[in-house]
Q: 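Mind having a look at this structure? Questions to follow.
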Amino acid sequence: MKLQGPRGTRDFYPKECAWQNFLLEAWRKVSVRNGFEEVDGPFFESLDLYKIKSGEGIVNELFHFEDRGGRELAIRPEFTPTLARMVASKANSLQKPIKWFCVPNLCRAERPQRGRLREFLQWNCDLIGVDGAMADAECIFTLVDLLRELGLEPQHVRVKISHRQTVRTILTKLGVAEDKLLTAFDLLDRRDKMDADAFTKAASELGMAPEQVERFEQICRFRYPCGSLAQMCEQTGLDSLHELEELDAQLQAFGIADWCEYDLGIVRGLAYYTGTVFELHETSGAMRAMAGGGRYDKLIELFGGPSMGAVGFGMGDVVLSEVLADKGLMPQDVSPRPDVFIVATSDASATQVPMLTASLREQGLHARFSYKTTRNLGKLLKDAANARSRFVVILDDDTPNGQVQVKDLQTSEQQTVAIESLASHVALA
RNA sequence: GUGGCCGUAGCUCAGUUGGUUAGAGCACCUGGUUGUGAUCCAGGGGGUCGGGGGUUCGAGUCCCCUCGGCCACCCCA
């Protein structure tokens, strides 16, 4: 093929386009019923906006260019900076709390792999202006609500939760000095990519005694079910896990404990999360994270706004679609179905096709007809079935004037119907 | 951005140690039969073998470069 699409991009043929729309509708429906309002911003922003949040290093990870006036711009690699900018510039006049969602397409100049492309969709929900675990839990509830909407169950996926402050407390208790905490987070993040010896060595360099290293390893590899923090207290030797306990209570109050578990190995980008952090994973753990989020209480300030607590998450379409396909939950075709499909079995009756089609369409029906010239009814019915039509209207020479044969392709029932009542016949079915 | 594997029709693939006009199944399109979604029959479109260069009398096959895909790093906002 001489003209290939750019690396890491996709073409959306009708079926793929229909799936994208289906997913977007699900995201929107769930967002709205959870009380979020849709927003959007520009597809490109000034490059500086992304440097504020992520530093100079981010420049290599995104698509950027200069406009004709020499302004440095970048295609959006995430929505959060735009959101923060929008909130900061109107913070005083916006009703609190701010609950916004967005379903942007984003571009990142990364090397594509399974589950990671250069252009993708991402669902974002953010709840700004509410401190406390209830807001965190509501965000996670919204995420779980979507999973249910798509037919997923706790056996398929799990929300893995951690908490910056709690982990900090645990690490300190284990003997990690203040200035080594970031290194410890990093070690926590990459624990699965290291062999045991390298891990032990790195851990002991953090200032932990041998038995503390062992305990550290045990703690960060263990999964604690939601609703049973006592075990974590016991293993960490702490009396209280503070913020995590409040979150635990709220998750149970929302009734989503089955979907959640605590995994202190969940770290996320060190940059800006300040409290709760979470990721959604497929249960086998084979694929990359399906969604990620957490609390970022300093971000709005960073963008020149007032101090406002915030919590949110993002979910991409790529891994989600792969997981649904893997679990057999991907609907095979969500393209719009025609209400009626008109065929004619004689040259004489065929002359009525355009007028009947026009009439049905004017009445709001999705009406199609066969472009085939054959009068073979079997082939015409197949044409209708291929189009996935609900009904076939058959025009022939034997049916009295003003009436047509209508066949229900689902039930195979066929009856004679007056043309005037066609629309209502189809609508009632 | 670094490294490894891969690239023949829309899809799954075949294609002898380099040797005529590159094939099959499915899909798609046209027509026919039995005329109510099946079956069957006939025909058709579509590939500069990812692209470019080189070796050779001759390259889908060997070499180099490049583009794209997958995997591991980096990163994962």
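Heavy-atom basis, side chains included; hydrogens, waters and symmetry copies ignored. In what follows, chains carry the letters A, B, and so on, assigned in the order in which the sequence lines appear, proteins first and then strands, with residues in each chain numbered from 1.
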Q: Can you identify which nucleotide, out of B:A77, B:G37, B:C76, has its nearest atom closest to the A:Glu61 side chain?
A: B:A77
Q: Any idea how A:Phe369 and A:Tyr371 line up, ring-wise: parallel (<30°), tilted (30 to 60°), or perpendicular (>60°)?
A: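 Rings of A:Phe369 and A:Tyr371: tilted, as their planes differ by 30° to 60°.
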Q: Within less than 4.0 Å of OP1 or OP2 of B:G69, is there a side-chain N or O belonging to A:Arg7?
A: yes
Q: Between A:Arg190 and B:C74, is there a side-chain N or O to OP1/OP2 distance below 4.0 Å?
A: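 Affirmative; the distance criterion is met.
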Q: Taking Watson-Crick (N1-N3 plus N6-O4 or O6-N4) and G-U wobble (N1-O2, O6-N3), each under 3.5 Å, can you produce the dot-bracket string of RNA chain B? Use [ ] for crossing pairs and | for inter-strand ones.
A: (((((((..((((.....[...)))).(((((.......))))).....(((((..]....))))))))))))....
Q: Between A:Trp123 and A:Phe313, does the ring centroid distance fall short of 6.0 Å?
A: yes
Q: Do the numbers put A:Arg221 on top of the ring of A:Phe199, so that NZ or CZ is under 6.0 Å from the six-membered ring centre and no more than 45° off the axis?
A: yes
Q: Looking at A:Arg108 and B:C76, is any side-chain donor or acceptor paired with a base atom of the opposite kind under 3.5 Å?
A: no
Q: Please evaluate residues A:Glu217 and A:Arg191 with respect to the criterion salt bridge (charged side-chain N to carboxylate O under 4.0 Å, His left out), reporting the C-alpha separation (whole Å), side-chain torsions for both, the decisive distance (0.1 Å), and the verdict.
A: CA-CA 9 Å; A:Glu217 182 160 10; A:Arg191 72 200 185 291; over 6 Å; no
Q: Of the nucleotides B:G37, B:A77, B:C75, which has the atom closest to the A:Tyr272 side chain?
A: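 In terms of side-chain proximity for A:Tyr272, the closest of B:G37, B:A77, B:C75 is B:A77.
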Q: Expected output is a numbered-order residue list: members of residues 74-84 of chain A with a heavy atom under 4.0 Å from any atom of RNA chain B. What is it?
A: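 Within this stretch, A:Pro77, A:Glu78 sit under 4.0 Å of the strand.
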Q: If the C1' atom of B:C26 is compared with that of B:C62, how far apart are they to the nearest Å?
A: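 Taking atom C1' in both B:C26 and B:C62, they lie 33 Å apart.
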Q: Taking the minimum atom-to-atom distance to the side chain of A:Ser54, which one of B:U36, B:C75, B:A77 wins?
A: B:A77
Q: Sugar-phosphate means primed atoms, P, OP1 and OP2; the rest is base. With that split, encode nucleotides 3-8 of chain B 5' to 3' as B, S or - using protein heavy atoms under 4.0 Å.
A: B-----
Q: Salt bridge (charged side-chain N to carboxylate O under 4.0 Å, His left out) with A:Arg190: which residues, sequence neighbours excluded?
A: A:Asp186
Q: A:Asn60: which residues meet the side chain to side chain contact (heavy atoms under 4.5 Å, CB included) condition with it, sequence neighbours left out?
A: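 With neighbours one apart ignored, the set is empty.
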Q: Go through it in stages, so that I can follow the logic: the residues are A:His281 and A:Glu279, the test is side-chain hydrogen bond (donor to acceptor under 3.5 Å, both in side chains), and I'd like the CA-CA distance, side-chain angles, deciding distance and then a yes or no.
A: CA-CA 6 Å; A:His281 284 263; A:Glu279 287 181 355; 2.6 Å; yes
Q: For B:A14 and B:G47, measure between their C1' atoms and round to the nearest Å.
A: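 B:A14 and B:G47 have their C1' atoms separated by 15 Å.
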Q: Summarise how protein sits on nucleotides 30-35 of chain B as a single string, 5' to 3': B when a protein heavy atom is under 4.0 Å from the base, S for sugar-phosphate-only contact, - for no contact.
A: SBBBBS
